[in-house]
Amino acid sequence: MPELPEVETVRRGLDQHLIGRQVERVEVGRLRTVRRTSAAALIDGLSGVTFTGTSRRGKYLLVYLDSGDQLMIHLRMSGRVLLSEPGAVRPPHTHVVLHLSGEPAKELWFVDPRTFGEMVVFDPDNVAVELPELSKLGIDPITDGISRARLAALLAGRGRQIKALLLDQHVIAGIGNIYADEILHRSRISPFRPGSSLTRPEITRLHAAILSILTEAIEAGGSTLSDTQYVDVMGDGGSFQLDHRVYDRAGQRCATCAKADIVRSMIGGRSTSYCPRCQQ
DNA sequence: AAACAAACCTGTGCGC
DNA sequence: TGCGCACAGGTTTGTT
């Protein structure tokens, strides 16, 4: 579900509502959510701490704590973070609840039907051991910024299909299945093309599309699909799904060229939608 | 190096 | 209406 724009939208919501609040109590109802460590580790790491800031690297959401530790939240496929009133009825699959101080007091819910998501408190000075994926993450186009030259260097010598490269979090962090397809369509590049085969103008277009698609999607609050799984911390959906040109539009006329139908195929085990006429 | 499959889970939508 | 299967925004691991 959530890719860079959705995670960034959640981050902004947390930044707005969490900073300065203290955790008074922690409930862990599903051990799988804290599987990297334990319920005790999450409870010990969060109880009594105050939130001081937030950041994001790829799809990894980080909340800074006044203890010096950080809370990492990964939503994976179906995770949601919701801010709510104390005592409110919790949705099914609410696995972690943080009781927050403040006037008025709030609760932060971690809801995740498929349970792929996770929460962990870690020591940033020991990240290589406690959260090794984080230190292996590729460049984040928004948080780090990415130059055209940097992108060109990342593609050089890589013969993998460009769609697979965009999805590889070790190369570029944050792009998922929706935005990879949308970026390639706007770039007018076939998802099957080897990364190393892209011409100079194609790399220029790809670079521009990565930044413009992600920026526009963030401004739209992300993409909320028909199952309304993804919502921000206030429970509101995004609107970038209205701007999708290819994702989940197989069989429909391409809105860009109006002369071909969107085709669906598989790349790296992921459904891939593209316009065979626009994207060569 | 790169492509593919399977694994982790639950829910939904579709064909029959 | 009910059943079974395919498939879903992610990531890791293992096999060709």
Side-chain angles (χ1 to χ4, degrees), chain A residues 1-11 29-36 56-61 72-81 91-96 110-120 131-138 140 154-184 191-197 213-214 217-218 220-232 237-244 246-251 264-273:
Chain A
M1 158 179 86
E3 307 179 27
L4 187 155
E6 290 77 29
V7 179
E8 175 63 16
T9 301
V10 170
R11 186 198 67 76
R30 220 346 169 144
L31 293 180
R32 187 168 149 73
T33 302
V34 294
R35 60 192 175 281
R36 187 180 297 262
R56 180 192 54 71
R57 292 218 47 208
K59 300 165 193 166
Y60 290 73
L61 182 53
M72 188 283 285
I73 303 175
H74 201 303
L75 305 174
R76 294 289 181 102
M77 293 289 267
S78 62
R80 274 185 291 164
V81 176
H93 309 293
T94 302
H95 304 317
V96 173
F110 183 77
V111 182
D112 184 18
R114 292 180 72 180
T115 73
F116 291 162
E118 67 166 313
M119 297 176 74
V120 63
L131 203 50
E133 314 95 280
L134 193 60
S135 36
K136 293 176 187 164
L137 228 42
D140 183 300
L154 285 174
L155 299 179
R158 297 195 202 243
R160 294 166 67 194
Q161 294 167 319
I162 185 63
K163 163 90 184 253
L165 285 172
L166 291 179
L167 288 178
D168 188 339
Q169 304 299 302
H170 306 288
V171 180
I172 299 175
I175 298 172
N177 207 35
I178 294 177
Y179 296 104
D181 282 0
E182 295 300 324
I183 286 166
L184 288 170
F192 299 100
R193 291 274 302 282
S196 52
S197 78
I213 290 278
L214 293 178
I218 291 169
S223 300
T224 296
L225 306 183
S226 51
D227 60 8
T228 67
Q229 272 288 314
Y230 162 73
V231 289
D232 66 16
S239 62
F240 195 71
Q241 69 280 1
L242 303 174
D243 293 313
H244 291 177
V246 285
Y247 182 83
D248 202 25
R249 276 171 164 54
R264 185 170 171 277
S265 182
M266 290 296 264
I267 293 180
R270 315 297 304 280
S271 77
T272 298
S273 300

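Order of the sequence lines sets the chain letters (A, B, ...), proteins ahead of strands, with each chain counted from 1.
- Residue contacts shown for A:Arg158 are limited to sugar-phosphate atoms, with no base heavy atom under 4.0 Å away.
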* Pairing string, 5' to 3', for DNA chain B - Watson-Crick or wobble contacts under 3.5 Å, brackets [ ] where pairs cross, | to another strand -> .|||||||.|||||||
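- Below 30°, between 30° and 60°, or above 60°: for A:Tyr179 and A:His244 the angle between ring planes is above 60°, a perpendicular geometry.
- Smallest separation of non-hydrogen atoms from A:Pro91 and A:Val111: CG-CG2, 4.0 Å.
- With rounding to whole Å, A:Met77 atom CE is found 13 Å from C:dC7 atom P.
- Between the P atom of C:dA8 and the CG atom of A:Asp181 lies a distance of 11 Å, rounded to the nearest Å.
- Atom OH of A:Tyr60 is separated from atom C1' of C:dT12 by 10 Å (rounded to the nearest Å).
- The shortest distance between side-chain heavy atoms of A:Leu75 and A:Lys59 does not fall below 4.5 Å.
- The residue from A:Thr272, A:Ile162, A:Leu184, A:Ile267 that alone fulfils the side-chain contact (heavy atoms from CB on, under 4.5 Å) condition with A:Phe192 is A:Ile267.
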Please list each protein N or O that sits under 3.5 Å from an N or O in nucleotides 8-12 of chain B, with the distance.
from   : atom 1 : to       : atom 2 : distance (Å)
B:dC9  : O2     : A:Arg114 : NE     : 2.9
B:dC9  : N3     : A:Arg114 : NH2    : 3.2
B:dT10 : OP1    : A:Arg30  : NH2    : 3.1
B:dT10 : O4'    : A:Pro113 : O      : 3.3
B:dT10 : O3'    : A:His93  : NE2    : 3.3
B:dG11 : OP1    : A:His93  : NE2    : 2.6

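- Residue contacts for A:Gly269: at a heavy-atom cut-off of 4.0 Å it reaches no nucleic acid atom on any strand shown.
- Here the closest heavy-atom approach between residue A:Gly157 and residue A:Ser196 is recorded as N-CB, 3.9 Å.
- Straight-line distance from the CG atom of A:Leu61 to the C1' atom of C:dG10: 15 Å, rounded to whole Å.
- In this model, no donor atom of one side chain and acceptor atom of the other lie less than 3.5 Å apart for A:Tyr60 and A:Gln169.
- Residue A:Tyr247 is classed as a sugar-phosphate contact, given heavy-atom separations below 4.0 Å to backbone atoms only.
- Between A:Leu134 atom CG and C:dT12 atom P there is a gap of 11 Å when expressed in whole angstrom units.
- In terms of the salt bridge (charged side-chain N to carboxylate O under 4.0 Å, His left out) criterion, A:Arg158 has no residue partners (sequence neighbours excluded).
- Scanning both residues, A:Val7 and A:Pro2, for their nearest heavy atoms gives CG2-CB, 4.1 Å.
- The separation between A:Tyr179 atom OH and C:dA8 atom P is 17 Å, rounded to whole Å.
- Of all the heavy atoms in A:Phe116 and A:Arg32, the pair that sits closest is CD2-NH2, 3.4 Å.
- Nucleotides B:dT10 and C:dT1 are separated by 23 Å at their C1' atoms, to the nearest Å.
- Remark: side-chain polar atoms of A:Arg35 are not paired, donor with acceptor, to backbone N or O of A:Met119 under 3.5 angstrom.
- For residues 161-174 of chain A, the pairs satisfying salt bridge (Lys or Arg N to Asp or Glu O under 4.0 Å) are A:Arg160-A:Asp168, A:Lys163-A:Asp181, with sequence neighbours left out.
- We find that CZ of A:Arg35 is positioned 11 Å from C1' of C:dG10, with the value rounded to whole Å.
- For the pair A:Ile178 CD1 and C:dG10 C1', the computed distance is 12 Å after rounding to whole Å.
- Remark: the separation of the P atoms in C:dC3 and B:dC9 is 25 Å, to the nearest Å.
- Listed by residue number, the members of residues 161-174 of chain A with any heavy atom below 4.0 angstrom from DNA chain C are A:Gln169, A:His170.
- Side-chain proximity of A:Arg264 to the nucleotides C:dT11, C:dA8, B:dA2 is greatest for C:dA8.
- For A:Glu8, the salt bridge (charged side-chain N to carboxylate O under 4.0 Å, His left out) partners two or more places apart in sequence, or in a different chain, are A:Arg11, A:Arg12, A:Arg56.
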